[in-house]
Amino acid sequence: MNIGIDIEEVKRFEKYVKDKDYLERVFAEDEISYCMPKKNPAQHLAARFAAKEAVWKALSTKNKKLIITDISIKNTQSGKPEVYIKNRRYKKIDVSLSHAEKYVVAAAIAF
């Protein structure tokens with residue numbers, strides 16, 4: 001079992017909201033579509049990025065070739081975040097995201 005955690009400052013992502021090239025380079029299309037209509041898209045982008053980092057940290061000991069853009073976070077109908085690696089659901093990891101006004105945090109447990 002491995003654990004990964006990441007914290008991000010929301011302010012850092014405010015400049016990326018209007019940077020389509022950055023968004024498309026770092027986030028999957030589903031992630032962008034989920035975050036951009038939100039009241040504070042920077043907060044949701046930061047949470048997704050933190051989750052991707054947490055997953056990478058939890059899995060990097062098992063898969064040295066994994067890069068952050070291989071990872072995406074999608075929500076189920078009920079809102080639970082799920083991890084996808086190269087567009088395939090990765091069932092051996094759980095992820096949790098939380099956000100406040102200025103910071104977001106994500107934790108991932110790989111089993």
Side-chain angles (χ1 to χ4, degrees):
M1 183 180 292
N2 291 319
I3 298 172
I5 190 166
D6 192 60
I7 186 169
E8 296 290 337
E9 189 173 14
V10 173
K11 185 177 181 178
R12 176 179 161 214
F13 288 83
E14 289 173 356
K15 63 185 172 192
Y16 299 134
V17 170
K18 295 182 181 175
D19 187 344
K20 186 177 179 182
D21 290 335
Y22 174 83
L23 292 177
E24 291 176 348
R25 195 170 49 252
V26 175
F27 297 97
E29 188 177 317
D30 290 346
E31 293 173 311
I32 296 168
S33 296
Y34 174 82
C35 295
M36 295 311 286
K38 300 290 186 184
K39 181 179 178 182
N40 185 352
Q43 186 181 56
H44 293 275
L45 290 167
R48 289 288 189 258
F49 187 84
K52 291 157 83 81
E53 282 282 328
V55 167
W56 181 83
K57 290 173 183 177
L59 294 178
S60 64
T61 58
K62 295 179 181 180
N63 187 345
K64 301 284 185 196
K65 294 181 181 180
L66 183 68
I67 59 174
I68 195 112
T69 54
D70 292 337
I71 303 164
S72 62
I73 308 299
K74 299 179 185 182
N75 290 64
T76 65
Q77 291 272 4
S78 66
K80 181 182 185 292
E82 293 182 326
V83 176
Y84 285 75
I85 307 286
K86 297 182 181 179
N87 295 318
R88 297 183 73 200
R89 171 80 170 97
Y90 195 85
K91 295 180 182 179
K92 294 187 176 188
I93 192 161
D94 283 331
V95 65
S96 179
L97 294 73
S98 187
H99 43 78
E101 184 179 338
K102 294 182 179 181
Y103 295 95
V104 299
V105 66
I109 299 176
F111 45 93

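For the single chain, residues carry numbers from 1 onward in sequence order.
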Asks: Under the salt bridge (charged side-chain N to carboxylate O under 4.0 Å, His left out) definition, can you give me all pairs with a residue in residues 30-39, not counting sequence neighbours?
Replies: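 Checked against salt bridge (charged side-chain N to carboxylate O under 4.0 Å, His left out) - neighbours excluded - the pairs reaching residues 30-39 are Asp30-Lys74, Glu31-Lys52.
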Asks: Answer with yes or no whether the hydrophobic clustering places Ile7 together with Leu97; edges join I, L, V, M, F, W, Y residues whose side-chain heavy atoms lie under 4.5 Å apart.
Replies: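 Hydrophobic grouping puts Ile7 apart from Leu97.
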Asks: Any non-hydrogen side-chain atom of Leu45 less than 4.5 Å from a side-chain atom of Leu23?
Replies: yes
Asks: Does Arg12 qualify as a cation-pi partner of Phe49, given the criterion of NZ or CZ under 6.0 Å from the six-membered ring centre and within 45 degrees of its axis?
Replies: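 Yes, Arg12 lies over the aromatic ring of Phe49.
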Asks: Measuring from Ser72:OG to Arg89:CZ, what's the distance to the nearest 0.5 Å?
Replies: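 The distance works out to 10.5 Å.
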Asks: Measure from the side-chain N and O atoms of Gln43 to the backbone N and O of His99, and report whether any donor-acceptor pair falls under 3.5 Å.
Replies: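 No; zero donor-acceptor contacts below 3.5 Å.
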Asks: Between Ile85 and Leu59, does the side-chain contact (heavy atoms from CB on, under 4.5 Å) criterion hold? Intermediate values first, please.
Replies: CA-CA 11 Å; Ile85 307 286; Leu59 294 178; 4.0 Å; yes
Asks: Below 4.5 Å, heavy atoms only, C-beta onward: do Asn75 and Glu82 meet side chain to side chain?
Replies: no
Asks: Give me the atom names and distance for the closest heavy-atom approach of Ala106 to Ala54.
Replies: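 That closest heavy-atom pairing would be O-CB, 3.6 Å.
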Asks: Please tell me if the side chains of Tyr103 and Glu8 come closer than 4.5 Å, counting only heavy atoms from C-beta onward.
Replies: no
Asks: Spell out, yes or no, whether Val17 and Ile32 are grouped together once hydrophobic residues are joined by side-chain heavy atoms under 4.5 Å, including indirect joins.
Replies: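 Per the 4.5 Å side-chain linkage, Val17 and Ile32 are co-clustered.
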Asks: Mind checking the CZ-NE2 spacing from Phe27 to His44? Nearest 0.5 Å is all I need.
Replies: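 Reported value, rounded in 0.5 Å steps: 12.5 Å.
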Asks: Would a single hydrophobic cluster contain both Tyr16 and Val26, if residues Ile, Leu, Val, Met, Phe, Trp and Tyr are joined by side-chain heavy-atom contacts under 4.5 Å?
Replies: yes
Asks: So which heavy atom on Ala58 is nearest to which on Asn2, and how close?
Replies: O-CB, 3.1 Å
Asks: Return the CD1 to OH distance between Ile73 and Tyr84, rounded to the nearest 0.5 Å.
Replies: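 Rounded to the nearest 0.5 Å, the CD1-OH separation comes to 10.5 Å.
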Asks: Report yes or no: is the cationic atom of Arg48 (NZ for Lys, CZ for Arg) closer than 6.0 Å to the six-membered ring centre of Tyr34, at no more than 45° off its axis?
Replies: yes
Asks: Quick one: does Ile93's side chain get under 4.5 Å of Ile109's, heavy atoms only?
Replies: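 When only atoms from C-beta onward are counted, Ile109 and Ile93 do not touch, as no gap falls below 4.5 Å.
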Asks: Keeping the roles fixed (side chain from Trp56, backbone from Ile67), state whether a donor-acceptor pair exists under 3.5 Å.
Replies: no
Asks: Does atom NZ of Lys80 have more than 12 heavy-atom neighbours, drawn from other residues, nucleotides or ligands, at distances under 6.0 Å?
Replies: yes
Asks: Please check this pair: side chain of Lys57 against backbone of Ile5, looking for a donor-acceptor N/O pair closer than 3.5 Å.
Replies: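 Pair found, side chain donor or acceptor close to backbone of Ile5.
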Asks: If you draw a 6.0 Å radius around CZ in Arg88, do more than 12 non-hydrogen atoms from other residues or ligands fall strictly inside?
Replies: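 No, because the 6.0 Å sphere around CZ of Arg88 holds 12 heavy atoms or fewer from other groups.
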Asks: Salt bridge check, Lys102 against Glu9: does any charged N sit closer than 4.0 Å to a carboxylate O?
Replies: no
Asks: Just how far is it from atom OH of Tyr90 to atom CG of Leu66, taken to the nearest 0.5 Å?
Replies: 8.5 Å
Asks: Taking the side chain as every heavy atom from C-beta outward, state whether Phe13 and Val104 have any pair of such atoms under 4.5 Å apart.
Replies: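 Of all side-chain heavy-atom pairs linking Val104 with Phe13, none is under 4.5 Å.
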